[in-house]
Amino acid sequence: MALRMWASSTANALKISCSSKPNVSLAFSLSRCFSTVLDGLKYANSHEWVKHEGPVATIGITDHAQDHLGEVVFVELPEPGGSVCQGKGFGAVESVKATSDVNSPISGEVVEVNSKLSETPGLINSSPYEDGWMIKVKPSSPSELESLMGPKEYTKFCEEEDASH
């Protein structure tokens, strides 16, 4: 299931969100919605990101996704040791506006979950690419990363998606 983002027309029109931390390497900003897109990550069209480092890939939802969702109040995550499949749901994010499934951009074994999100789900809003990561996966098919978008492609994808709404 695709990550479904239901936003009020006011929130959709405002599109404000851009956290800047000194240790974050900002490569691109979406020109129309000001969402942060980082270099070095891969992006799915369902608005999840992947950072592949060594044998582990970290996964979360993008700044664009959290911006459309609004204030995140609950996060459902899988148990470590389970598996995820590319394009299939592994959890959910509940905001004040909606509940959205979260899909895995790659397949693999869940080796760690961000336990901080159970007590502080708002980390997804305040730090979607750092403290708000969701799961860490040992990829079973690293070649799946090649099917994902880079920062420039994701920026264009979001601009086109927003223009169509």
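Sequential numbering from 1 along the given sequence is applied to the chain's residues. These figures come from a predicted structure and were not determined experimentally.
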Indicate yes or no: at least one non-hydrogen side-chain atom of [X] is less than 4.5 angstrom from one of [Y].
X	Y	answer
Val137	Val84	yes
Ser118	Val75	no
Leu69	Ile61	yes
Val56	Lys138	no
Lys97	Glu71	no

Sub-6.0 Å ring centroid separation between Phe157 and His47: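 Yes.
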So, [X] side chain and [Y] main chain: donor-acceptor pair closer than 3.5 Å or not?
X	Y	answer
Thr155	Pro151	yes
Tyr129	Thr36	yes
Glu153	Gly150	yes
Trp49	Pro128	yes
Asn125	Val72	yes

For Pro139, side chain to side chain contact (heavy atoms under 4.5 Å, CB included) partners two or more places apart: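 Only His52, Ala57, Ile106, Pro142 meet the side chain to side chain contact (heavy atoms under 4.5 Å, CB included) criterion with Pro139.
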Glu94: partners by side chain to side chain contact (heavy atoms under 4.5 Å, CB included), with sequence neighbours left out: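 Per chain and number, Glu94 pairs via side chain to side chain contact (heavy atoms under 4.5 Å, CB included) with Val73, Phe74, Thr99.
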Of the non-hydrogen atoms in [X] and [Y], which two are nearest, and what is the gap between them?
X	Y	answer
Gln66	Ile124	CG-O, 3.6 Å
Pro105	Ile59	CD-CG2, 3.7 Å
Ser95	Gly70	CB-O, 4.1 Å

Value rounded to 0.5 Å, distance of CG in Asn45 from CG in Asn103: 9.0 Å
Inter-residue atom distance Glu48.CD - Ile135.CD1, 0.5 Å rounding: 9.5 Å
With Phe90 via ring-ring contact (aromatic ring centres under 6.0 Å, His included) - residues at least two apart: none
Residue pairs fulfilling ring-ring contact (aromatic ring centres under 6.0 Å, His included) with at least one residue in residues 93-115, sequence neighbours excluded: none
Donor-acceptor pairs under 3.5 angstrom involving side-chain atoms of residues 110-117: please list them, not counting sequence neighbours.
{"unit_1": "Asn114", "atom_1": "OD1", "unit_2": "Lys116", "atom_2": "N", "d": "3.1"}
{"unit_1": "Asn114", "atom_1": "ND2", "unit_2": "Asp131", "atom_2": "O", "d": "2.8"}
{"unit_1": "Asn114", "atom_1": "ND2", "unit_2": "Trp133", "atom_2": "O", "d": "2.7"}

Who pairs with [X] by side chain to side chain donor-acceptor pair (under 3.5 Å), at least two apart in sequence or on another chain?
X	result
Ser107	Glu144
Thr62	Tyr154
Gln86	Ser147
Ser141	none

Salt bridge (Lys or Arg N to Asp or Glu O under 4.0 Å): pairs with one or both residues in residues 49-58, sequence neighbours excluded: Lys51-Glu53
Glu119: partners by salt bridge (Lys or Arg N to Asp or Glu O under 4.0 Å), with sequence neighbours left out: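 Partners of Glu119 by the salt bridge (Lys or Arg N to Asp or Glu O under 4.0 Å) criterion come out as none, since no residue qualifies.
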